[in-house]
Amino acid sequence: MDTNEKLALLGSAARFEVAGQRQSVTVRPGPSGALCVGDTVGDASGSLLRVLQSSYCEQDCAYCPLRRSNDPNRAAFSPDELAGAFANQWQRGRVSGLMLSSATDGGPDGSMERMLDTVRILRTRHEFDGYVHLKVLPGAGASLIEEAARLADRLSLNIEVPGPEYLDGLQTGKRWQEDILRPLQRLRELDLAGEIRSGITGQLLVGVTSPGGVSASDRALAGGSRWLRREFDVRRVHYGSFTPAAGTPLAEAAAPDPRRRARLYQWDWLATHYQYADNELDAAFDHAGRLPLALDPKLAVTIALPEDRPVEVNSATYEDLLRVPGIGPVSARRIVDLRHLGALRDLQDLKVLGVVASRAAPFVLLNGKKPPEAPASLQRIKRALRAMEPQPVQLSLWPELL
Ligand code: SF4
């Protein structure tokens with residue numbers, strides 16, 4: 001296999017590594033290798049070459065096409081070869097950064113050493129000073145994690161499951177304490193010391209059910225994300241979506257509804273950018289721990305907290321405005337800053353300020369009056385709730401409108 005063929009194969013194999021929330025992934029087999037466009041680097045976006053160092057694996061994770069008992073086409077780069085291939089793409093202006101991961105080929109430390117060699121060659125021989133996102137493999141030793149922090153900009157660890165109870169059934173061979181928590185703790189220490197330039201991220205896998213029938217609910221995944229941010233200062237938790245793969249024990253399993261992943265990202269956004277208490281955020285889940293697919297989590301939380309509404313837009317605090325569906329940080333700030341110019345009287349006034357008026361209408365008062373569009377908006381919400389099976393929350397808005 002020549003280098004370009006390896007780039008295509010190992011770029012495609014890296015497609016399960018989530019690089020950003022709003023990824024637009026183009027996998028181009030052939031001479032260009034595999035490009036992932038859309039990872040956020042600080043405030044800028046760059047084109048990342050997303051690739052594996054090796055797809056040979058000693059582990060047997062039930063969900064993974066690269067598991068050792070499967071027989072896919074496999075390949076591996078030497079550090080020289082991958083560094084040269086990347087430098088070639090970079091010098092032609094085709095990529096501006098690298099996201100490098102690997103299957104477990106030679107143990108976690110052996111795999112990490114080869115990835116580190118690749119980045120070291122890039123930094124020295126090829127004088128590449130751009131962005132590198134390096135995956136730390138579960139079980140990697142502390143000294144290798146420290147070297148990774150010196151060489152790369154961002155480090156991440158694929159935790160995949162939100163707790164040890166999910167590991168065994170998925171046959172990952174990973175130990176929660178030694179392979180997951182210990183590297184996370186070292187990453188956190190380095191990050192707190194300011195030694196990881198772009199911080200650390202994590203990844204959880206949505207919608208995978210072990211052959212024994214164990215599956216992490218949305219509530220468990222969202223709780224895992226919250227735990228990672230709080231305990232380990234993980235800046236962002238990415239959600240990968242389980243994809244049934246031929247040759248695995250889960251080949252016939254159903255893929256999760258793609259909206260699940262989107263709803264989890266929205267819940268994370270609420271948890272990190274809005275001032276909801278934990279128990280309020282928990283109100284977004286139904287009795288089975290699911291986020292409703294038909295409603296975004298902010299709407300679900302708002303419906304579950306009837307005491308918070310309606311909100312009088314002309315006198316509410318910034319914080320109270322922020323809790324209204326359809327009002328975000330920018331529009332809430334505009335309302336607070338500009339309403340002294342005159343009372344906001346109808347939905348058109350809200351639209352001008354950037355509010356999604358149809359979403360906000362059921363939950364606001366404008367100069368003491370309910371907006372006229374509120375009943376229609378309520379009907380839409382009620383229809384969406386009825387479509388959910390089983391119904392996760394009891395809709396109880398203003399009694400006179402129902
Ligand atoms: S360690 Fe598990 S998830 Fe990673 S490549 Fe190997 S089998 Fe796949």
Side-chain angles (χ1 to χ4, degrees), residues 6 8-19 27 34 36 50-77 82 99-116 118 133-141 144-145 148 155-164 166-184 201-212 214-216 221 224 237-251 253 255-256:
K6 285 185 190 177
L9 184 69
L10 292 169
S12 175
R15 67 190 179 281
F16 299 112
E17 304 288 357
V18 183
V27 177
C36 165
R50 184 172 55 167
V51 68
L52 298 186
Q53 185 85 39
S54 169
S55 61
Y56 292 94
C57 197
E58 295 142 13
Q59 301 287 10
D60 217 21
C61 305
Y63 51 84
C64 180
L66 302 181
R67 69 199 305 258
R68 69 163 185 267
S69 15
N70 201 7
D71 190 24
N73 263 347
R74 296 184 195 264
F77 280 115
L82 181 52
M99 180 182 185
L100 181 58
S101 185
S102 180
T104 311
D105 179 10
D109 284 357
S111 312
M112 286 291 300
E113 276 165 10
R114 280 198 299 288
M115 287 196 286
L116 291 171
T118 298
H133 177 166
L134 193 65
K135 288 279 173 178
V136 170
L137 296 194
L144 296 171
I145 296 174
L155 299 180
S156 62
L157 185 77
N158 288 2
I159 297 112
E160 309 292 22
V161 294
Y166 304 98
L167 273 180
D168 288 347
L170 293 173
Q171 304 160 20
T172 64
K174 290 163 195 154
R175 301 159 302 172
W176 187 250
Q177 179 65 37
E178 294 85 346
D179 297 334
I180 306 287
L181 295 189
R182 191 179 43 77
L184 270 176
T201 62
Q203 182 170 316
L204 294 169
L205 188 58
V206 179
V208 63
T209 302
S210 74
V214 178
S215 178
L221 289 163
V237 177
H238 296 304
Y239 293 103
S241 212
F242 164 67
T243 306
T248 70
L250 301 178

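Along the sequence shown, residues are numbered consecutively beginning with 1. Each ligand, and each atom within it, is numbered from 1 in the order the structure gives.
- In this structure, OG in S69 is found 7.5 Å from CD in Q171, a value given to the nearest 0.5 Å.
- In summary, no N, O or S atom of C61 is located under 2.8 Å from atom 8 (Fe) of ligand 1.
- Counting only distance, with no hydrogens or angles, the side chain of R74 and the backbone of S55 share a donor-acceptor pair below 3.5 Å.
- When only non-hydrogen protein atoms are considered, atom 4 (Fe) of ligand 1 lies nearest to C57 SG, 4.5 Å.
- For the atom pair CG (D60) and CG (L170), the distance works out to 11.5 Å, reported to the nearest 0.5 Å.
- Atom numbering of ligand 1 starts at 1 in the shown order; those under 4.0 Å from a heavy atom of R67 are 7 (S).
- Between Y166 atom OH and T172 atom OG1 the span is 14.0 Å, to the nearest 0.5 Å.
- Between A62, G139, C64, G173, it is C64 that holds the heavy atom closest to atom 3 (S) of ligand 1.
- Of all atoms in ligand 1, numbered sequentially from 1 with element shown, those under 4.0 Å from a heavy atom of A103 are 5 (S).
- For the ligand labelled ligand 1, residue T104 lies inside the 4.0 Å heavy-atom shell.
- A donor-acceptor pair under 3.5 Å links the side-chain atoms of R67 to the main chain of C61, judged by distance alone.
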